[in-house]
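Report on the structure given below.
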Amino acid sequence: MADGTRQYLQFLVVERGLAANTLESYERDLRRYREFLATRGKEELGAVSALDVAEFRGALRGGDAEHSPLAVSSVGRAVVAVRGLHLFAMKQGLARSDPAHEVAPPAAAKRLPKAISIDEVERLLDASGSMEDPDPRVLRDRALLEFLYGTGARISEATGLDVDDLDHLAADPAVLLSGKGGKQRYVPVGSYAVRALDAYLVRGRPALAAKAGRKASPAVFLNARGGRLTRQGAWGIISEAAVRSGKPEISPHTLRHSFATHLLDGGADIRVVQELLGHASVTTTQVYTLVTVDKLREVYAAAHPRAFS
């Protein structure tokens, strides 16, 4: 068992190029696996049964005198490590079969996107600053948040946006977003976001761009040195506004979730929301319909004559 584990970890380093942190986690998981099997008198890989693997998975979730229960994600990683070990052992002739083949990692609980109410969105936007503020960074911050909520853009799409991607002065304002896998889509931009962008592009961005001198960035959203705003920088802007608004748990994705949820609450077709979000499949978007169940329940309670006795 120890020799097979050592060979497997060496294989992961040489052939798979596993990162040091991941390898350390696999080592720890497999050490615990060997300890578990030792209590059952299993010292050889070929002696392990599917029941042993399944019960090890259960032990990870339940914990014992020496170990605390693991989260589902950590159990999943450990089971993947064990499955990999047994598959490797079979292919290398260290064992005749793979007892872990049918023992799947535990399914993680589906986490619903966290959306905030329209009132909370408005408080967040106000907390980011005024469109009349003379500080270029305040104008940028307000434009960024208005843009994220007004378009449902991912944070990487907003920070990757160039001035040439904007068509906000057209009769029907829209923006070209570059999403995952290089897929591009046009998304309408609402009047509030257009006004915030106008204020920033006219009175804020030139002042920030001047900090970079001749090395001007084509990015829409600039940092204090005139370079492209990073994802971490954008996260910081949102976090600060969130704290000021009294809702510190807000993240960049919260605005994207709220954008989708509020559209569906307003009666938008799910396939339209799918296109706006840039989802390849409508099944990805359908998770937002679960978020709106409270809205449906509220409408039902108010409208149906026999909702309550």
Side-chain angles (χ1 to χ4, degrees), residues 121-122 124-242 244-245 250-260 263 275-279:
V121 169
E122 290 177 348
L124 175 68
L125 295 172
D126 289 341
S128 67
S130 169
M131 297 183 202
E132 308 303 323
D133 198 296
D135 188 334
R137 290 173 299 181
V138 173
L139 295 173
R140 176 204 60 198
D141 297 355
R142 180 62 183 256
L144 174 65
L145 268 66
E146 289 279 6
F147 180 80
L148 288 170
Y149 177 62
T151 62
R154 300 177 178 92
I155 193 71
S156 58
E157 292 171 344
T159 55
L161 195 68
D162 289 341
V163 174
D164 288 345
D165 297 326
L166 291 176
D167 191 18
H168 64 285
L169 297 179
D172 296 312
V175 62
L176 179 65
L177 296 178
S178 297
K180 293 182 177 179
K183 294 181 180 179
Q184 294 185 317
R185 68 189 186 280
Y186 273 103
V187 176
V189 184
S191 60
Y192 286 89
V194 168
R195 286 203 298 274
L197 283 168
D198 278 338
Y200 165 62
L201 292 172
V202 173
R203 295 186 283 112
R205 188 180 181 281
L208 294 175
K211 303 289 181 65
R214 294 182 179 180
K215 296 181 180 179
S217 170
V220 171
F221 297 107
L222 302 177
N223 60 31
R225 297 177 302 279
R228 185 182 296 276
L229 185 68
T230 64
R231 292 176 62 183
Q232 292 79 6
W235 185 285
I237 291 169
I238 295 167
S239 296
E240 289 178 12
R244 290 196 294 270
S245 74
I250 291 174
S251 74
H253 240 58
T254 303
L255 289 171
R256 180 169 162 86
H257 297 328
S258 301
F259 166 84
L263 279 171
E275 291 295 327
L276 292 173
L277 292 174
H279 287 160

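Please read these numbers as outputs of a predicted model, since none were measured by experiment.
Residues L125 and S245 are not in side-chain contact: their nearest non-hydrogen atoms beyond the backbone lie 4.5 Å or more apart. With contacts defined as side-chain heavy-atom distances shorter than 4.5 Å, the pair S191/R195 qualifies. Between K215 and R225 the shortest side-chain heavy-atom distance does not fall below 4.5 Å. Counting only heavy atoms from C-beta outward, the side chains of I237 and L145 approach each other to under 4.5 Å.
At distances below 3.5 Å, not a single donor-acceptor pair connects side-chain atoms of R142 with backbone N or O atoms of S130. R228 contributes no side-chain N or O that, together with a main-chain N or O of D162, makes up a donor-acceptor pair within less than 3.5 Å. The backbone N or O of M131 sits less than 3.5 Å from a side-chain atom of R203, completing a donor-acceptor pair. Using modelled atom types, one side-chain atom of R256 and one backbone atom of G152 make a donor-acceptor pair closer than 3.5 Å. For the pair R205 (side chain) and L197 (backbone), a donor-acceptor distance under 3.5 Å is absent. Of the possible donor and acceptor atoms, one in the side chain of R140 sits under 3.5 Å from a partner among the backbone N and O of L222.
Between A143 and A196 the shortest heavy-atom distance is CB-O, 3.6 Å. Shown here for V194 and P173, the closest heavy-atom pair between the two residues is CG2-CB, 3.7 Å. Taking both residues in full, the closest heavy atoms of L208 and P136 are given as CG-CB, 4.1 Å, listed atom of the first, atom of the second, then distance. The two residues V121 and S258 make their nearest non-hydrogen contact at CG2-CB, 4.3 Å. S217 and G226 make their closest contact through CB-O, 3.8 Å (heavy atoms, listed as atom of the first residue, atom of the second, distance). Considering all non-hydrogen atoms of both residues, A234 and I155 come closest at CB-CD1, 3.4 Å.
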**OP:** Show your reasoning for whether side-chain contact (heavy atoms from CB on, under 4.5 Å) applies to L161 and F147.
**Re:** CA-CA 11 Å; L161 195 68; F147 180 80; 3.6 Å; yes
**OP:** Begin from the C-alpha positions of I238 and L148 and carry the test side-chain contact (heavy atoms from CB on, under 4.5 Å) through to its verdict.
**Re:** CA-CA 10 Å; I238 295 167; L148 288 170; 3.6 Å; yes
Original post:
Checking side-chain contact (heavy atoms from CB on, under 4.5 Å) for the pair L276/F259: CA distance, chi angles, key distance, verdict?
Top reply: CA-CA 10 Å; L276 292 173; F259 166 84; 4.1 Å; yes
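For R244, the CZ atom is densely surrounded, since the number of other residues' heavy atoms within 6.0 Å is greater than 12.
One distance of note links OG1 of T254 with CD1 of I250; it measures 6.0 Å at 0.5 Å rounding. Taking CG of L139 as the reference point, atom CG of D198 lies at 11.5 Å (rounded to 0.5 Å). Put simply, OG1 on T151 and CG on L177 are 5.5 Å apart, with the number rounded to the nearest 0.5 Å. Between the CD atom in Q232 and the CG atom in L229 there is a gap of 9.5 Å [rounded to 0.5 Å]. Annotation: the span from H257 atom NE2 to L277 atom CG amounts to 10.0 Å, rounded to 0.5 Å. With values rounded to the nearest 0.5 angstrom, K211 atom NZ is found 9.5 Å from N223 atom CG.
Residue pairs that meet the ring-ring contact (aromatic ring centres under 6.0 Å, His included) test with at least one member in residues 187-213, sequence neighbours left out, are Y200-F221.
Remark: D135 engages no residue in a side chain to side chain donor-acceptor pair (under 3.5 Å) (not counting sequence neighbours).
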